[in-house]
Amino acid sequence: MTTRAPAPARPGPAAVVIDATGLHYRVLNERIHAAVAAGARSIVLEGVCGQRYIGDGLEGDLAIEVRGVPGSDLGAFMRGPRIDVRANAQDGVGNTMSDGLVAVHGDAGDIPGHSMRGGRVYIRGDAGYRVGIHMKAYGDEFPVVIVGGTVRDFVGEYMAGGLLVVLGLPGGHGRPPGRANDAGRLLGDFAGTGMHGGAILVRGAVDPRCVGREVAIDPAGPADLAALGRFLPEFCAAFGLDAAPVMAGPFQRLSPRSNRPYGALYAY
Amino acid sequence: MARTRVAPDFAVRRDTARCINCKACVRLCANGVHVWDEVAGAPVADESKCVGCHFCEEHCPTRALSIERAPAETTSGGHWTRSAIRGIGRQAETGGILLGAMGNDRPQMAYFDRLVLNAAQVTNPSIDPLREPMELKTFIGSRPDRIEIARGAGGRPRLGAPLPPLLEIETPIMFSAMSYGSISLNACRSLAGAAGEIGTCWNTGEGGLHPDLESCADRAIVQVASGRFGVTPEYLARAAAIEIKVGQGAKPGIGGHLPGGKVTEDVSRTRRIPVGSDAISPAPHHDIYSIEDLKQLIFALKEATRYSKPVGVKIAAVHNVASIAIGIVHAGADFIAIDGIRGGTGAAPSVIRDHVGIPIELALASVDQRLREEGLRHRVSIIAAGGIRSSADVLKAIALGADAVYIATAALVALGCHVCRTCYLGKCNWGIATQDPALTRRLNPEVGQTRAANLLRAWSHEIKEMLGGMGVNAIESVRGNRDHLRGVGLSQVELDLLGIKHAGSPW
């Protein structure tokens, strides 16, 4: 298992500042593209309020800091840049992303990491439904989604590769982690339904009733802990967390029982 | 366990007077029908394995073979057909879903066969396309509500606002989505090459873009489907247009499974998934649960490509297709591809292929009519698909309201396909629907390109002849012009839905 070169550092003092206040997403994104075309490698977006598609399709060595709440499809189809969000994010963070890093300091909505094929999506707080659905890995493309809090139903549905981690940590301002459901579990129902590749690592107990029938639950092994060692320090550094207690686990691994879950479905 | 024995569908007739025992049939048949019998010193046939692809028949050097429909009849009459009995037998053995391939073959669904075209006589002279210009060039995409004119230096008029991107094709016929994986790379090469040669488009399906096909990407419509296989920034950047696949005529409402056995090293590289792993396309896109969500994905793709190319949506023709089409236009799509119930597939549950959806003719007429009523027809191009067999079907579809058509089965037939309908077995003797190197090399991509391009040329010539006969000199004059159509033997309800008069009615 490998990963790409580290994403660029966060924007520094030389960053280009764009005031997004009141701008339609198309205008805001044109300004971002113009700044990138003019050579900016570090951009701060002030006053963001629901503008969609920030970082959509952007490539290369570039760091964007979003101040405010970005709209859906943040970092969609992106390959390379790093995006730090100082607040919550909406649906589709890292949708079909190829590489790069998105760090959300608050919570994220539904389908973060949808069909992601590389790079990292780190969410400090909780995430919604269908986290990491249909993530897939190939060669040195290895997508990673780490959620600091809890996730709701259908996490890792149709997962075909990569790594999904759910930590169950308290929230960013000392608040308890959100509840995935009324039972207070870390995962909602139907975790890993249709899963046929990759692994979901959960820090804490996993109720077998909440996983799909295609999924096996085991204690995390040495390879899983090695994978965590590769990505958790970066996650913790992004949010100023102490990595040691997070790494201490214990972790459970959800993995597919087969890479052909529907092989016997048809009469040939 | 009881085994249901169903008589073979095909009879292999071998003329022993002609057979020279060369064993070509034994070597060639991927289904293992022909076996060399050492004792007899002659080939024998296991007809239960024959799919009726006629490869052996056409490659027997002495023409000793003929493959015929097996004459076995059931005593149960027309209702309990052989295929119904065979299907139940297979399901009793396996408990599985019956698979089918290619398109629905129920004859009652073909409204094209009940439509006739018009021609000019005396009062409106016909045009001879051999000597006069005849325009088939078509533009796919959205037209603005009005043209903004600004005055430049010296008062010269110029466009006041940029026009939406349009896809320019030389003939209103494109190759429909067939992924590398469902068909062989040589089949993809043939179609992509022919599209470039003629100046039309091919479609990657949900298979990603193989490196060998990148040179043809400027003529590729690339698909973004629910599995998002192979969707990379280059894939979007290189394409001529992007198609969000929501539905397919052969399997409305369901996703697709490319079995792990077909995910070879090379297919895995293109789809960006491991070798041998099932490639699963879920039934819905999980970021699309509404028209608003569809709009979000359309504009995510437009943003990713800086509004430089058309982004369309492909749907299966279903009961409320007109309302869905309205929503798709409001969502910002530049084209809508509508695939009717006769649309083909490499594999689909037969029960869905044969029973779900509506004929393309009715869908097309209702969508075109509704878009006109809502004043939205200019905002979107319509591509019709699903069972187009000839240039007449193309022209009838255009007269019913299509801007262009997609063909797939017809294109594969041009490459050698004999429509044996067993693509899902992966043993295509013609080297089309297989990834077995011993079989795929039977299809020479240069020959395939020539044959597919010839088909488009021939149909284009025929369309020009039909247009000339109508006394018009541009396909644009026929587009959505249903006065050129008449129905034969159709009920008033059908005529009303199609928006046409019965044959014999004057203008």
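Throughout, a chain's letter reflects where its sequence line sits, starting with A, and its residues are numbered from 1. The basis for the numbers below is simple: all heavy atoms, side chains too, and nothing from hydrogens, waters or symmetry mates.
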(message) Within 45 degrees of the ring normal and closer than 6.0 Å to the centroid, is that where the cationic atom of R117(A) sits relative to F229(B)?
(response) no
(request) Please flag which part of R306(B) lies under 4.5 Å from any non-hydrogen atom of chain A: side chain, backbone, both or neither. (result) side chain
(message) Quick check on side-chain contact (heavy atoms from CB on, under 4.5 Å): which of L99(B), T94(B), I97(B) does L265(A) satisfy it with?
(response) I97(B)
(request) Measure L301(B) against the heavy atoms of chain A and call it side chain, backbone, both or neither at under 4.5 Å. (result) both
(request) Pick whichever of P274(B), A347(B), G227(B) has the most heavy-atom pairs under 4.5 Å with chain A. (result) G227(B)
(request) Measure H286(B) against the heavy atoms of chain A and call it side chain, backbone, both or neither at under 4.5 Å. (result) both
(request) Please state whether the side chain, the backbone, both or neither of Y289(B) comes within less than 4.5 Å of a heavy atom of chain A. (result) side chain
(request) Please list, chain by chain and in numerical order, all residues satisfying ring pair (Phe, Tyr, Trp, His ring centres under 6.0 Å) with Y138(A), sequence neighbours excluded. (result) none
(request) Counting only heavy atoms closer than 4.5 Å, note whether T305(B) contacts chain A via side chain, backbone, both or neither. (result) neither
(request) Apply the test side chain to side chain contact (heavy atoms under 4.5 Å, CB included) to residues Y25(A) and F299(B): give CA-CA distance (whole Å), side-chain angles for both, the deciding distance (0.1 Å), then the verdict. (result) CA-CA 10 Å; Y25(A) 68 76; F299(B) 281 87; 3.4 Å; yes
(message) Which one wins on heavy-atom pair count under 4.5 Å against chain A: I280(B), L425(B), T232(B), L98(B)?
(response) I280(B)
(request) Test D91(A) against D287(B) for side chain to side chain contact (heavy atoms under 4.5 Å, CB included), laying out the working first. (result) CA-CA 8 Å; D91(A) 298 338; D287(B) 49 359; over 6 Å; no
(message) Quick test of your reading of the model: are E303(B) and R26(A) salt-bridged, counting only N-O distances below 4.0 Å?
(response) no
(message) Does any backbone or side-chain atom of Y307(B) lie under 4.5 Å from a heavy atom of chain A? Answer side chain, backbone, both or neither.
(response) side chain
(message) Does K136(A) form a side chain to side chain contact (heavy atoms under 4.5 Å, CB included) with R271(B)? I'd like the steps, not just the answer.
(response) CA-CA 10 Å; K136(A) 49 188 81 71; R271(B) 298 211 178 203; over 6 Å; no
